Structures are given as structure tokens and as C-alpha cells.
Amino acid sequence: MALGLTLAACGSKNDSTTGGTSGTPSAGKPASNLKIGLAYDIGGRGDQSFNDSAARGLDKAKSEFGFDIKELEAAAGETDAQKEDRLRQLAEGGYNTVIAVGFAYATALEKTAKDYPDVKFAIIDSADPKVDNVANLTFAEQEGSFLVGVAAALKSKTGNVGFIGGVNVPLIQKFEVGFAAGVKAVKADATVQVKYLTQPPDFTGFNDPAKGETAAKGMYDAGADIVYAAAGGSGNGVFKTAKANGKFGIGVDSDQYNLPALADVKDVIITSMIKEVDVAVYDFISSVKDAKFAKGEKVYDLKAGGIDYSTSGGKIDDIKTKVDEYKAKIVSGEIKVPSTK
Amino acid sequence: MRNLTLRSVLLGLAAPVGALVFAALLCAGILAVTGHSPVDTVDAMSASAQRPRTLVNSLNTAVSYYLSAVAVAIGFRMKLFNIGVDGQYRMAALLAAALAGAAFMEGVPPVLRVTMTVLASMLVGAAWAGIAALLKVTRGVSEVISTIMLNAIATYLVSYLNNPARLAEVNPGSNDVKTPDITAGGQVPGFEVTGSSSKVYGLVFLAVLVGFLYWFVLSRTRFGFELKATGLSESAAVASGVSVKKMVVISMLLSGAVAGLVGIPELLGASHSYSLNFPAGVGFIGIAVALLGRNHPIGMAVAALLWGFLFNTANSLDTAGVPREIVDIMQGVIVLSVVVAYELVRRYRVRAEQHAVGHALGRTKTAEEVSA
């Protein structure tokens with residue numbers, strides 16, 4: 001939250017605005033003529049994961065600025081044509097600020113953005129397409145994962161930890177690679193068990209707590225005492241298993257210790273790798289509002305913010321100094337965290 | 001006689017039309033109960049029907065649905081349930097994409113290159129379905145079970161192969177994995193339509209050709225007759241000298257070969273590579289389309305177009321504030337009610353025939369009595 005405020009503050013640091021809007025918007029008053037369209041990936045609002053995170057950013061912008069918003073959602077079995085149609089319908093409908101949630105929109109956005117030069121687009125999680133009116137909002141998930149890997153290695157009594165990925169795609173592999181690197185940086189001989197719940201195009205691994213339970217049980221039985229769940233909604237199952245077995249888990253995307261939906265199992269969540277898609281969405285909307293739209297890639301990492309680890313619950317207070325040392329080294333560039341195997 | 005024809009035509013139309021009307025009414029009811037306006041829904045759908053882009057997309061979607069439905073229908077006519085179309089086409093699309101995008105294909109003339117790609121996809125689809133056929137004829141494994149399991153295996157295999165270490169590549173900064181792009185010489189250009197940013201698949205004719213061959217082979221060749229005969233009664237087919245095992249293998253191979261084509265119009269016409277975003281699940285939609293179209297080449301085409309249109313109206317519904325899930329509900333209700341309606345019409349027809357026969361016999365008897 002503090003980070004979000006910092007970033008928001010950064011965004012409106014210079015109050016000379018050309019968009020005809022006041023630099024300090026008052027809540028509830030329509031601030032400008034922005035109309036915001038959001039195209040979700042499969043699952044949409046309510047997926048307890050990636051899409052919901054984007055939705056939070058949108059909600060925050062709406063409640064502060066009072067923009068007109070429209071949310072559309074992807075379906076399974078789509079080709080690029082349906083995604084393109086979705087983006088075009090938003091642009092045609094007068095939505096002049098359009099956010100595509102997920103790399104699946106890259107091809108569709110490339111074709112659409114060129115035809116609507118006056119519309120400002122953003123895409124989450126993809127450095128493609130490179131078009132003048134597109135902002136690419138990407139995250140260095142490997143850096144945050146490295147830090148929770150460090151925490152896991154320091155906290156593990158068995159020297160055996162686990163990684164559960166929702167779906168075996170390059171995006172989630174970044175979490176795995178960073179986590180493993182973090183663990184090994186602390187304890188070179190530690191064991192890292194790795195398991196992906198599903199293979200593409202089966203994306204149910206992001207929202208199937210039962211699969212998370214089974215996978216986590218296998219890891220705890222095989223000697224792991226901490227499991228990092230980079231699996232969206234399936235993480236609930238991992239934490240449930242952790243609680244039942246007296247073990248621990250690590251959350252992902254938001255500070256999962258504080259999520260109401262996970263209140264029953266929060267005691268086992270020692271930390272979370274925070275990826276603030278909501279901050280990215282909110283920042284982007286603010287930037288358009290303040291007429292400070294910047295095209296191209298904007299990387300959210302430990303240095304720029306948007307990626308971090310959480311300490312809620314106090315389970316890693318004793319090692320926080322050590323984790324922060326690593327964090328400082330990554331920020332300074334002394335440690336380069338790999339993102340691919 | 002003319003009466004009878006008109007009547008049978010009406011009876012034939014009664015089931016699908018009745019099912020559609022029933023589904024529309026039920027969906028209107030669901031919308032009303034959940035606080036959405038059925039009128040808005042119809043508005044959004046008719047707005048879709050007037051937008052060239054949506055119509056082009058609907059046609060393209062229908063092309064892949066139709067190929068999938070024909071693949072399923074070939075099995076259905078033999079009483080074989082090929083649930084593996086999904087795995088078959090995904091395997092075929094991936095390997096065909098890898099072949100068509102490979103560097104050594106650069107020098108191959110376009111026509112030959114496209115033909116090779118299409119044939120490769122058919123071979124892969126047939127081979128994947130062939131595993132289920134072999135298991136059935138040698139070990140007696142139900143093709144329902146084996147094709148479902150082969151779908152899961154295909155998912156893992158595709159995921160294994162669609163990897164930068166093997167057939168695919170990752171662009172720096174992208175989170176997608178895809179096979180190398182098929183260059184212009186390996187693509188099939190689409191048809192421009194005024195007012196639409198999407199093009200009609202160049203391979204739309206492939207679907208027409210497959211539909212024609214399906215009709216021709218089944219109704220105009222000895223093989224087609226034997227296939228249908230085996231499907232209707234295995235023992236009768238055996239008695240007339242048909243080798244059932246051979247028929248199982250051949251029809252599964254054919255079904256798989258057509259299944260292999262499902263992803264090809266999209267691959268060569270639009271996406272030009274197999275990526276994480278390549279459409280999945282079309283094989284299962286084919287089952288519904290084949291059921292709805294009663295395995296008939298024209299019926300399935302109508303069903304595929306309807307399904308394609310419904311699928312492509314979802315964005316407009318979303319925009320109009322109508323939950324897009326209504327499309328899924330509508331499709332589900334249509335399939336269920338069509339199956340029920342066909343059964344009702346069949347029973348009605350049987351009863352009507354019995355009645356007519358009974359009536360005719362009764363009258364003959366009376367006539368005899370009179371003459372006696």
C-alpha cells in the first residue's frame with residue numbers, strides 16, 4: 001500500500017498538466033473525458049488471481065477519478081480474431097484508454113492499435129507489440145521470487161523446499177527460476193522440488209485448489225517444509241495442505257496473508273511475492289489522465305517498485321535484515337537474477 | 001403423396017426449429033430472472049449480425065467447427081465415438097506449423113509447401129487417432145476411453161514440443177512460446193471483405209471440399225455403404241462379408257485425418273504459428289455441432305455457422321452489459337433440446353406411420369368384408 005502511494009505520488013509529481021484536468025483530483029467527480037476499457041484474460045474479474053489484480057487497479061482509478069469504464073472478458077478457444085474484435089469494440093465504443101490484461105493480447109493489440117492512433121493502449125506482461133500508442137507493462141517476477149527463495153532457504157529446517165507453478169508457461173517459469181536461484185544463493189545444497197499443475201492449453205492450474213492440495217501433499221511428504229505457490233487460486237489448496245501438515249507456504253501476486261479469502265490459513269503464509277498488477281493499471285490510467293502517457297516497455301521490478309516481498313504476520317521478521325541485504329544487492333545490480341533456465 | 005412430402009419436410013424441420021425456439025424462450029427467461037433485458041440481448045446480437053467483422057469471424061470460426069464436426073461424424077456413422085479430435089488437431093497443428101515454418105521449407109514452391117503442410121497435418125491427425133484404432137482392434141480398448149486419454153497425452157506432448165529447446169522459440173520480452181512464423185510462401189492468403197479488419201480464411205474451400213467428399217464417400221461409394229452398414233448392425237455387416245476391424249481402423253484413420261485439418265485454416269490463414277494462444281477445445285465443440293447437424297453435411301454446416309455466430313456475438317453481449325455466459329447456456333440448451341426434439345419427432349413419426357398403416361389395413365379389411 002505504501003508502495004502504491006509512492007508510485008502514485010511519482011506519477012503526479014509535476015503538476016503542469018496538459019489534459020485539462022486538475023493535478024489533484026477529488027474523489028467521485030468525473031475528472032476528464034477519459035473512458036477506460038479493460039479486456040481481461042480468460043477467467044475475468046473474480047478469478048482470485050491475475051485478472052482480479054488488474055480489476056483492483058481499475059476500481060481504484062474509478063473510485064478516485066470517476067471515469068466511465070467497460071470491462072470485457074476472454075473466452076476459452078478464442079483465436080486472435082476474437083481478441084482483436086474485443087479491443088476494436090472498445091476503441092469503436094469511444095473508450096480512449098484501453099488496457100489488455102495478459103500477453104495473449106499481443107498479436108491482436110498490434111493490429112488494433114495501429115488503426116486507432118488516438119487511443120492509448122496498455123498491455124500487461126508483454127514487451128510486444130512495439131507500437132507508438134501502446135505501453136507495455138512488464139514485471140521482473142524473478143526478482144521477487146528470488147527474495148522469497150532466500151526467505152524459504154533461511155527458514156527451512158529440512159533444506160528441502162517446493163515450487164508449485166499453476167501452468168507450465170514461460171511467465172510462470174520466471175517465478176520458478178528466480179525462486180530456485182534465491183534458494184541456492186543461501187543454501188547451495190538445498191533441494192528445490194518443482195511441480196506444475198497443468199500444461200497449456202489447459203489453464204485450469206491457475207484456479208484449481210484441489211490440484212494444489214495434491215501437489216503440495218506430495219512435496220511435504222517428500223521432505224519439503226516450505227512450498228512457494230505461484231499458482232493463482234490453486235494456492236489456497238497448497239496453504240490448506242500446509243496447515244493440515246504443520247508446514248509452511250509462500251504466497252504470490254498480492255500479500256496473501258491479508259486476503260480475507262485466506263483468513264483460515266494465513267498462519268502458514270510466511271511471506272508473499274508481490275506483483276502489483278493493480279499498481280501498474282492504476283499508474284497507467286493516471287499517466288493518461290495527466291497527459292503523460294509513455295509508449296514502450298515499463299518494467300516493474302524491485303528497483304522501480306511493483307515487485308516486492310511481504311512481511312505481514314511477522315513470520316520472517318528474524319531474517320528480514322538478511323532478505324533486505326539481498327534486495328539491496330539486486331537493486332544495485334550486484335546480483336543479476338536469471339529469468340530463464 | 002405431395003401431402004406426405006410436405007409433411008415430412010415440416011417434420012424434419014420441426015425438431016431443429018422447435019429446439020431453437022425453445023432455447024431462445026428459455027434463455028429469455030433466464031435473462032429476465034437474472035435481471036437482464038432479453039431485448040438488449042437481441043439488439044446486441046442483431047448489431048453483431050450487421051457488423052462485417054463479426055460475420056467474417058463467425059464464418060472463420062464455423063470453418064474450424066465444421067471440420068471438427070465432420071471428423072466426429074465419420075466416427076459417429078460407424079458408432080465410433082472419437083472424443084480425441086481435440087488432441088488430434090492440436091498435435092497436427094503444432095507439427096504442421098513446425099514443418100511449414102522450418103527454414104528448409106523456404107525454397108519450396110508455395111503450392112507444394114502448402115500441400116505438404118496440409119498433408120502432414122492429416123497424417124499426424126490420422127496417426128494419433130490410429131493409436132486408438134489399434135488399441136480397439138487388437139486389445140478391445142473402448143475408443144471413448146483411449147481417445148480421452150490420448151487427449152491428455154497430446155496436451156503434454158504438445159507442451160513438451162512447443163518449447164524453445166525443441167520446436168518453438170520465445171521472443172525476448174514476450175511471455176508467449178511459438179513455432180517460427182510461417183513466411184509468406186507457406187501461408188494461404190485470405191479474402192478481404194469491405195468493412196472488416198479480419199479476412200475470410202483462404203482455406204474456407206477446404207471445409208467445403210471436405211464436406212463434399214464426406215457426402216460423396218458415404219452415400220455414393222461401396223466403402224461408405226459398408227461403413228454405414230457396420231454402424232447400423234455389426235452382425236449384419238459381418239454376415240455380408242465386411243471386416244469390422246478393417247472398417248474400424250479405416251474410419252478412425254479418416255476421422256483423425258479430417259481432425260488434423262481443424263487448426264490448419266487458422267494456422268495458414270491468420271496465426272501463422274502455433275503458440276500458447278492457439279485455440280483449444282474445438283474438438284469438443286465438433287461433437288455438439290455433429291449432434292446438432294445430425295451428421296448430415298449440410299446440417300452440420302448450418303450448425304457450425306450458428307455456433308460460430310453465437311460464439312462471436314459474445315463480445316457484443318459483453319459490451320451491451322449482457323453476461324457472455326448466456327451464449328454457453330444457449331448452446332447447451334439448443335443441443336439438449338435438439339436431441340429431445342428429434343426423439344419426440346421420431347416417436348411421433350413412428351406412431352403416425354403405424355396409425356396410417358393400421359388405418360390402411362383396417363380399410364382394406366372393411367373392403368374385403370364388404371365384398372365378402
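In what follows, chains are A, B, ... by sequence order, proteins preceding strands, each numbered from 1. Computed from a predicted structure; not experimentally measured. All values below come from the heavy atoms of this structure, side chains included, with hydrogens, waters and symmetry mates left out.
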Nearest 0.5 Å, please: how far is [atom2] in [Y] from [atom1] in [X]?
X        : Y        : atom1 : atom2 : answer
A:Phe103 : B:Asn171 : CZ    : CG    : 12.5 Å
B:Asn315 : A:Leu72  : CG    : CG    : 6.0 Å
A:Asp128 : B:Asp176 : CG    : CG    : 9.0 Å
B:Asn175 : A:Thr138 : CG    : OG1   : 8.5 Å

- Task: Ignoring hydrogens and angles, tell me if any N or O in the side chain of A:Asp202 forms a donor-acceptor pair with the backbone of B:Thr155 under 3.5 Å.
- Result: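 A pair under 3.5 Å: no.
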
Greater than 12 external heavy atoms within 6.0 Å of [X]'s [atom1]:
X        : atom1 : value
A:Lys35  : NZ    : yes
B:Lys199 : NZ    : no
A:Lys195 : NZ    : no

Of all of [options], which one pairs up most often with chain A through heavy atoms under 4.5 Å apart?
options                                : answer
B:Ser271, B:Pro279, B:Pro164, B:Ala152 : B:Pro279
B:Asn162, B:Val56, B:Asp318            : B:Asp318
B:Ser198, B:Ser197, B:Ala314           : B:Ser197
B:Glu266, B:Arg51, B:Arg324            : B:Arg324

- Query: Side chain, backbone, both or neither: which part of A:Ala76 has a heavy atom under 4.5 Å from chain B?
  - Reply: backbone

- Message: Counting only non-hydrogen atoms closer than 4.5 Å, does A:Ala39 touch chain B with its backbone (N, CA, C, O), its side chain (CB onward), both, or neither?
- Response: neither

Residue, of [options], that accumulates the most heavy atom pairs under 4.5 Å with chain B:
options                                : answer
A:Glu73, A:Lys341, A:Glu71             : A:Glu73
A:Ala74, A:Ser126, A:Gly102, A:Ala104  : A:Ala104
A:Asp115, A:Thr198, A:Asp125, A:Thr112 : A:Asp125

- Item | Contact listing (chain B partner; residues 80-100 of chain A; heavy atom under 4.5 Å) | A:Asp80, A:Ala81, A:Gln82, A:Glu84, A:Asp85, A:Arg86, A:Arg88, A:Gln89, A:Glu92

- Task: Residue by residue, scan residues 167-176 of chain A and write down, ordered by number, those that have a heavy-atom distance under 4.5 Å to chain B; if none do, write 'none'.
- Result: A:Val169, A:Pro170, A:Leu171, A:Lys174

- Name all residues meeting the side-chain hydrogen bond (donor to acceptor under 3.5 Å, both in side chains) criterion together with A:Asn207; count only those two or more places apart in sequence or in a different chain, and write none if there are none. none

- With sequence neighbours left out, write down each residue that passes salt bridge (charged side-chain N to carboxylate O under 4.0 Å, His left out) with A:Asp278, or none if nothing qualifies. A:Arg56

Check each atom of [X] against the heavy atoms of chain A and say whether the ones under 4.5 Å are side chain, backbone, both or neither.
X        : answer
B:Thr54  : side chain
B:Tyr160 : neither
B:Thr61  : side chain
B:Asp328 : neither

- Query: Of the non-hydrogen atoms in B:Phe311 and A:Ala75, which two are nearest, and what is the gap between them?
  - Reply: CE1-CB, 4.4 Å

- Task: Please examine the side chains of A:Tyr105 and B:Asn277, heavy atoms only from C-beta on, and report whether any two atoms are closer than 4.5 Å.
- Result: no

